[in-house]
Every structure is written in C-alpha cells, then in structure tokens.
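In what follows, every chain begins at residue 1, and chains take the letters A, B, ... in the order their sequences are listed.
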Amino acid sequence: MSRFSPLPVAFYRRSCVEVARDLLGRYIVRRLDGARLIVRIVETEAYLGEGDRASHAWHGRVTRRNATLFKPGDVAYVFLIYGMYNCFNAVTQAGGEGAAVLIRAGSPVAGESEMARRRALRREARPGDLAGGPGKLCQALGIERRHDGGPLRRAELRVTGGDPAAPGEIVSGPRVGVDYAGEAAGWPLRFAIRSDPHVSRPRL
DNA sequence: TCGACGATCATCT
DNA sequence: GATGATCGTCGAG
C-alpha cells in the first residue's frame, strides 16, 4: 500500500481500538480549491459505542445528529461542538455499533501556508497551532458538517496509507474532555505518537 | 416550544 | 488556571 492510496474498507471494519492505534501515522489528504492539504495523524481517541458513556452512541441512542455513527466503517462522522468547532471521526466496525475514532491531532505534511491561512493565525505557527486539536485540525483542513456520512476514500477527503507509527512509539491515556462520563472517563482510549510535538494538550 | 449543554479554543490573569 | 464565545441538538414539558 502506498503512502497516498486510500486505506481499504476492511481497514475500518475492525475493532475500534485496533483502528485507533493503526490510524496513527496515516495521512489525511484533503483536496480543496485545487490545493492539496496533508497532515499525518499523531493522536486519536476511540469511542466504543453504546456501552461507552462518553460516546454519542451511549445507551444505543440513535438521533439525527449521530445517525452516521451507526453506519458500517469507512465513512466520516463530523459533528459541531460548542457551537464553534467541528470534530472529525472515522466510523469503524461492521455497522450498527456506533463505534468511531476521533482524530485529535495531525502533523502538517503539505499545504502548511494554506492551513495557517484557514486557521487565521496572527503569529508564526508553533507546533500544534495548525492541527494540534480536533477543532484546529478541522479548521485547518476545511472539514465541515457536509462531510458527515461521506466515505473516506474520495479525492476531496481521504485517509491514506501514510507512514504508520511503530507499535513501540504509541502511548495511551484517558480521553480528553469527558469527565462527565463516569467510569468510562478513565478508560485509556486516547492514543498518540510518543513525544510528537503536535499532540494536543494535556500531553501524554 | 424551550432550556441546558458540549469529544474546544483563544485569551486573558 | 479561569473564562467567554456560540449554536445545533436533545429531551423534558
């Protein structure tokens, strides 16, 4: 598999946690107004589905907002958070389970100046400024609600083979921003490439 | 119909 | 460390 060919459907139809780890190092390739924006995924979080209180699929509840979560793997789940930012997920597993992987951070590979423009940075970019957080990443890559439900294998937006992280350089810890989720808040479902400067805060 | 809230971020102190 | 921005969605009424 080459760095720029889309990951096959079968890649996503595995356990959510497995996919979350395997997505580290892969590329998100975004075609936008003739430009090509690329980031390498350096941080992910697994959201397991109905048994996971932090998941939008908690309790198996299906609503208009989260319907995409229950599709079979290989589609994007994009939702608006705090009225201002989007979050980009890859839906995983066979379908009907509500399992997905949140893409929390990426390291810019190509199109940095366009990303900086989209992020409206007022100062020189420091590591993590462009895509070091789920909201930032979507802003930098122009990922919006209209991508919700779309396959991750289109020219407009795709996830490709990239430069996968070695298992030994993967670290894990509790997920960010889910303190309300009781026991699930402590589950080590956040994954990142060790010491990568573009990983979001708090650092793992 | 309405009130509460969130898988965040930038900008303060 | 604390706070305000900002709005679609959900579930209660």
Side-chain angles (χ1 to χ4, degrees), chain A residues 12 16-17 19-21 23-24 28 39 41-71 73 75-93 97-108 115-149 152 159 171-192 197-204:
Chain A
Y12 301 95
C16 188
V17 169
V19 176
R21 299 175 61 96
L23 276 172
L24 293 173
I28 302 171
V39 302
I41 298 169
V42 299
E43 182 183 355
T44 61
E45 280 176 358
Y47 288 84
L48 305 185
E50 70 171 315
D52 177 0
R53 197 162 161 190
S55 167
H56 289 169
W58 178 54
H59 220 278
R61 174 170 289 138
V62 185
T63 66
R64 170 136 81 252
R65 174 217 213 187
N66 73 7
T68 295
L69 265 182
F70 295 89
K71 288 186 171 183
V75 296
Y77 171 51
V78 182
F79 63 92
L80 180 72
I81 187 66
Y82 296 112
M84 323 176 83
Y85 300 99
N86 289 299
C87 287
F88 172 51
N89 301 249
V91 176
T92 66
Q93 302 185 178
E97 295 147 302
V101 175
L102 170 69
I103 311 300
R104 277 198 63 86
S107 152
M115 293 186 213
R117 191 186 70 75
R118 303 192 69 87
R119 288 273 299 125
L121 286 183
R122 294 193 49 112
R123 53 180 165 78
E124 189 182 350
R126 304 208 292 247
D129 278 350
L130 294 182
K136 299 183 203 176
L137 182 139
C138 284
Q139 210 169 45
L141 297 179
I143 296 175
E144 297 161 6
R145 287 298 311 282
R146 45 182 280 270
H147 296 103
D148 181 61
L152 294 169
V159 180
V171 291
S172 63
R175 294 171 291 183
V176 178
V178 297
D179 292 344
Y180 60 85
E183 185 191 343
W187 296 348
L189 296 178
R190 180 187 184 202
F191 304 97
H198 299 89
V199 169
S200 71
R201 312 186 87 89
R203 300 292 288 278
L204 268 170

**OP:** Please state whether the phosphate of B:dA10, meaning OP1 or OP2, lies under 4.0 angstrom from any side-chain nitrogen or oxygen of A:Arg119.
**Re:**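 Looking at the OP1 and OP2 atoms of B:dA10, one of them is under 4.0 Å from a side-chain N or O of A:Arg119.
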- [ ] Using only side-chain N and O atoms of A:Arg61, determine if any of them is under 4.0 Å from OP1 or OP2 of C:dG11.
- [x]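 The answer is yes; a side-chain N or O of A:Arg61 sits under 4.0 Å from OP1 or OP2.
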Interatomic distance, [X] [atom1] vs [N] [atom2] [rounded to whole Å]:
X: A:Arg126; N: B:dC9; atom1: CZ; atom2: P; result: 15 Å
X: A:Trp187; N: B:dA7; atom1: CH2; atom2: P; result: 15 Å
X: A:Glu45; N: B:dG6; atom1: CD; atom2: C1'; result: 14 Å
X: A:Arg175; N: B:dT8; atom1: CZ; atom2: P; result: 12 Å
X: A:Leu121; N: B:dC9; atom1: CG; atom2: P; result: 13 Å

Indicate yes or no: at least one non-hydrogen side-chain atom of [X] is less than 4.5 angstrom from one of [Y].
X: A:Glu97; Y: A:Ser55; value: no
X: A:Thr44; Y: A:Val101; value: yes
X: A:Val17; Y: A:Phe191; value: yes
X: A:Lys136; Y: A:Leu130; value: no
X: A:Asp148; Y: A:Tyr77; value: yes
X: A:Tyr47; Y: A:Val178; value: yes
X: A:Arg145; Y: A:Asn86; value: yes

Item to check | For A:Arg21, all residues meeting side-chain hydrogen bond (donor to acceptor under 3.5 Å, both in side chains), sequence neighbours excluded | outcome: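 None.
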Q.
Take a 6.0 Å sphere around CZ of A:Arg126 and say whether it holds more than 12 heavy atoms from other residues, nucleotides or ligands.
A.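 Open: at most 12 neighbouring heavy atoms sit under 6.0 Å from CZ of A:Arg126.
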Got a second to check how far A:Leu69's CG is from A:His56's NE2, nearest 0.5 Å?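 Spacing of CG (A:Leu69) from NE2 (A:His56) equals 8.0 Å.
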Per the salt bridge (charged side-chain N to carboxylate O under 4.0 Å, His left out) rule, what does the pair list look like for residues 45-70 of chain A, sequence neighbours excluded?
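Listed once each, the pairs are A:Glu45-A:Arg104, A:Asp52-A:Arg175.
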Sort me out a list of protein N/O and nucleotides 3-9 of chain C N/O pairs below 3.5 Å, or just none if empty.
residue : atom : partner : partner atom : Å
C:dT6   : O2   : A:Tyr82 : O            : 2.4

Every protein N/O lying under 3.5 Å from an N/O of nucleotides 11-13 of chain B:
none

| task | Could you tell me which non-hydrogen atom of A:Val42 sits nearest to which non-hydrogen atom of A:Val199, and how far apart they are? | result |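 Taking every non-hydrogen atom into account, O-CG2, 3.8 Å.
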Heavy-atom pair of closest approach, residues A:Ile143 and A:Leu137
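Residues A:Ile143 and A:Leu137, closest heavy atoms: CD1-CD2, 4.4 Å.
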Aromatic stack A:Tyr47/B:dA7: centroid gap under 5.5 Å, interplanar angle under 30°: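 By the stated criterion, A:Tyr47 and B:dA7 stack.
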ask   = Where along residues 129-142 of chain A does a heavy atom fall under 4.0 Å from DNA chain C?
value =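 Those residues: none at all.
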Look at all strands and tell whether A:Ile81 reaches a base, only sugar-phosphate, or nothing, counting heavy atoms closer than 4.0 Å.
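Answer is sugar-phosphate: A:Ile81 comes under 4.0 Å of backbone atoms only.
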query = Which range-with-range stems can be found for DNA chain B when each stem has 3 or more Watson-Crick or G-U pairs in a row and both distances sit under 3.5 Å?
reply =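 Detected stem regions: B:1-6 with C:7-12, B:8-12 with C:1-5.
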### Query
If you measure from the C1' atom in C:dG8 to the same atom in B:dA10, how many Å do you get, rounded?
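About 22 Å, rounded to a whole number of Å.
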Quiz prompt | Result of checking A:Val19, A:Thr68, A:Leu152 against A:Val91 for side chain to side chain contact (heavy atoms under 4.5 Å, CB included) | solution =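 Of the listed residues A:Val19, A:Thr68, A:Leu152, the side chain to side chain contact (heavy atoms under 4.5 Å, CB included) partner of A:Val91 is A:Thr68.
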